[in-house]
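The next block holds one structure in the form of structure tokens; read it before the comments.
Quantities reported herein were computed from a predicted structural model and do not represent experimental measurements.
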Amino acid sequence: SKIEGEWPLHSSLGPRLGKNIDNPMVFDALVPGNYTLTARVGECKDTSLGCWHDEKCEDGCNSYRHKFIVPFGQGQLEWDFPMPSPKPKPAVAEVAPRPSQAPKTVTTPSPKGPASRVVLASEFASWLGSHPQWQQKSAIPEGRAKAGYLKGWDGATPPAGTANKAVVNVSWYSANAYCRDHGGLADIADKPHRWPEGDTTPYIELRSNEGKPAWRSNDGRDSTQIGLADIMALAGFRCKR
């Protein structure tokens with residue numbers, strides 16, 4: 001059989017495979033007997049072998065099958081079977097790969113870093129000089145602090161001998177206002193979580209809990225039980241930077 005184009009041709013005669021020599025299939029040194037000749041062109045499934053007879057071959061496949069007798073004797077035996085080239089498979093349109101979904105950005109909260117050191121009375125005094133609304137005479141009457149706020153202060157001047165010590169007797173309101181220019185009030189989870197109490201490390205620090213009042217003590221305790229205007233005599237504060 002003459003197969004047009006470049007279709008691969010395969011055949012077998014019983015258990016023996018044929019040699020494809022310019023399309024004719026050659027079987028050498030055959031023993032006489034009854035055989036089944038099977039030829040296939042293209043890519044055929046096992047279930048499609050012999051489909052040419054019933055005209056049920058799928059696109060890209062033609063297969064011929066026939067009983068064949070090899071007689072006694074010597075010489076060359078030729079058999080011609082007019083099996084045409086198979087129908088080409090329909091073209092498959094290339095589909096552009098779907099863009100993969102952009103990975104979601106997952107933000108992992110980083111551990112709370114250390115905050116700055118506690119604010120000293122001298123630093124708070126300098127700020128009060130340019131923010132008189134936070135001095136005693138304004139903050140207490142306007143409800144931003146309660147009695148005891150900046151005890152011992154004279155306007156923007158701290159009590160004698162306290163300039164280089166932590167500022168205490170402040171309200172959460174005023175501490176938060178001071179830290180607006182320093183990254184905000186230190187968070188309740190910011191380091192340090194514990195610290196030695198001393199002249200510059202008050203027993204309690206005013207902190208922030210998602211923008212709301214909180215405090216942390218030098219023994220590791222913390223709480224959100226504090227009002228915006230409340231005063232704690234031993235409470236100082238620190239900013240984020």
Side-chain angles (χ1 to χ4, degrees), residues 1-116 180 182-193 207-212 214 222 224 240-241:
S1 177
K2 186 67 175 177
I3 306 300
E4 298 177 355
E6 298 181 356
W7 294 97
L9 173 63
H10 305 278
S11 67
S12 61
L13 191 61
R16 188 180 294 275
L17 297 179
K19 298 177 182 178
N20 190 344
I21 304 176
D22 193 22
N23 267 338
M25 303 302 295
V26 178
F27 300 92
D28 295 327
L30 290 172
V31 176
N34 295 325
Y35 297 90
T36 297
L37 173 66
T38 302
R40 58 185 173 88
V41 180
E43 297 179 2
C44 300
K45 300 176 182 177
D46 290 343
T47 55
S48 298
L49 296 180
C51 60
W52 178 71
H53 302 280
D54 299 324
E55 298 183 351
K56 292 183 178 180
C57 292
E58 58 192 13
D59 293 344
C61 165
N62 256 349
S63 178
Y64 176 91
R65 176 169 280 181
H66 188 77
K67 294 293 184 180
F68 195 84
I69 299 176
V70 176
F72 286 95
Q74 297 181 351
Q76 180 174 302
L77 182 67
E78 295 184 359
W79 179 267
D80 183 38
F81 49 95
M83 186 175 66
S85 299
K87 294 180 181 180
K89 291 184 177 182
V92 178
E94 292 187 5
V95 179
R98 296 178 61 186
S100 59
Q101 185 179 8
K104 296 181 178 179
T105 301
V106 179
T107 302
T108 302
S110 58
K112 295 294 183 179
S116 67
R180 284 173 185 160
H182 301 276
L185 191 61
D187 191 84
I188 194 172
D190 283 343
K191 296 178 181 179
H193 298 161
R207 297 286 186 102
S208 175
N209 181 34
E210 297 183 351
K212 297 180 181 179
D222 59 67
T224 57
K240 285 186 175 296
R241 54 178 175 80

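- The SG atoms of Cys57 and Cys44 are placed at least 2.5 angstrom from each other.
- Atom CD1 of Ile188 is separated from atom CG of Asp222 by 4.0 Å, given to the nearest 0.5 angstrom.
- Qualifying side chain to side chain contact (heavy atoms under 4.5 Å, CB included) partners for Lys45, counting only residues two or more places apart in sequence or in other chains: Thr47, Ser48, Glu58.
- Between Asp190 and Lys240 there is a salt bridge, since at least one side-chain N of the basic residue sits less than 4.0 Å from a carboxylate O of the acidic one.
- Residues Ser208 and Ala214 share a closest heavy-atom pair of C-CB, 4.3 Å.
- Smallest separation of non-hydrogen atoms from Asn209 and Thr224: ND2-CG2, 3.4 Å.
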